[in-house]
Amino acid sequence: MTAVPMRLNLKLAVIGAFAFTCAVLSGTANAAPSAWRCDNGQELVGEFTPKAGQLRMGDQSWSLQRVRDVGEARYVDRRKGATLTMARSQAVLTVKGQPSVGCKLVVRALEPDAMAAGRRAQPPER
């Protein structure tokens with residue numbers, strides 16, 4: 001692959017992550033599914049609205065409520081002691097009694113297998 005398409009793919013990934021974060025922060029998103037690849041090797045999967053979210057990693061799951069925060073989207077599950085903080089394409093999951101886990105947003109259309117197969121990104125289902 002040449003350098004030009006790689007730069008284009010990176011720009012598209014950044015634009016997609018930025019658009020998602022803007023939608024979450026502005027309160028215009030409907031239950032938007034998201035996935036992050038975390039530094040512990042697991043995938044973090046969630047669906048979010050401007051006020052709440054459902055999140056799971058492995059066999060753990062959380063029901064989160066959005067809380068006010070300057071510059072970041074932050075959701076908490078006070079009952080289970082979990083906090084998810086999102087900024088741009090990054091997320092950090094903190095669960096009481098466990099080390100924090102850093103994660104990066106997964107853009108499925110830019111995954112290596114999707115690129116190799118020549119699949120195009122599909123618009124979200126409504």
With respect to Leu44, which candidate in Lys104, Met57, Gln60 satisfies the side-chain contact (heavy atoms from CB on, under 4.5 Å) definition?
->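 Option passing the side-chain contact (heavy atoms from CB on, under 4.5 Å) with Leu44: Met57.
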So which atom in [X] and which in [Y] form the shortest heavy-atom distance, rounded to 0.1 Å?
{"X": "Leu105", "Y": "Ala35", "answer": "CD1-O, 3.5 Å"}
{"X": "Leu84", "Y": "Ala91", "answer": "CD1-CB, 4.0 Å"}
{"X": "Gln65", "Y": "Ala52", "answer": "NE2-CB, 4.0 Å"}
{"X": "Tyr75", "Y": "Lys51", "answer": "CE2-C, 4.4 Å"}

Gap between atom CG of Leu55 and atom OG of Ser61 - 0.5 Å precision |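 Answer for the OG-CG pair, Ser61 versus Leu55, is 8.5 Å.
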Going from CG on Asn40 to CD on Gln98, what distance comes out if it is rounded to the nearest 0.5 angstrom?
->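 One finds 9.5 Å between CG of Asn40 and CD of Gln98.
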Remaining members of Val76's ILVMFWY cluster at a side-chain heavy-atom cut-off under 4.5 Å?
->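 Other cluster members: Val67.
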Do Val101 and Val95 belong to the same hydrophobic cluster, where Ile, Leu, Val, Met, Phe, Trp and Tyr are linked whenever their side-chain heavy atoms lie under 4.5 Å apart, directly or via other members?
->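 Yes; tracing contacts between hydrophobic side chains, which count when under 4.5 Å, links both residues.
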Would you say the side chain of Trp62 lies within less than 4.5 Å of the side chain of Leu93, judging by non-hydrogen atoms?
->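 When only atoms from C-beta onward are counted, Trp62 and Leu93 do touch, with a gap below 4.5 Å.
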Any side-chain heavy atom of Met86 sitting closer than 4.5 Å to one from Ser34?
->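 Result no, sub-4.5 Å side-chain heavy-atom pair not found.
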Between Ser63 and Gln54, a side-chain donor and acceptor under 3.5 Å |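 Result is yes, a qualifying pair exists.
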Donor-acceptor side-chain pairing of Thr94 and Thr83 below 3.5 angstrom |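 Looking only at side-chain atoms, Thr83 and Thr94 do not form any donor-acceptor pair under 3.5 Å.
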Using the six-membered ring wherever Trp is involved, compare the ring planes of Phe48 and Trp36 and label them parallel, tilted or perpendicular (cut-offs 30° and 60°).
->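 Geometry flag for Trp36 against Phe48: perpendicular rings.
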Examine distances only and state if a side-chain atom of Asp69 and a backbone atom of Glu72 form a donor-acceptor pair shorter than 3.5 Å.
->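 Absent.
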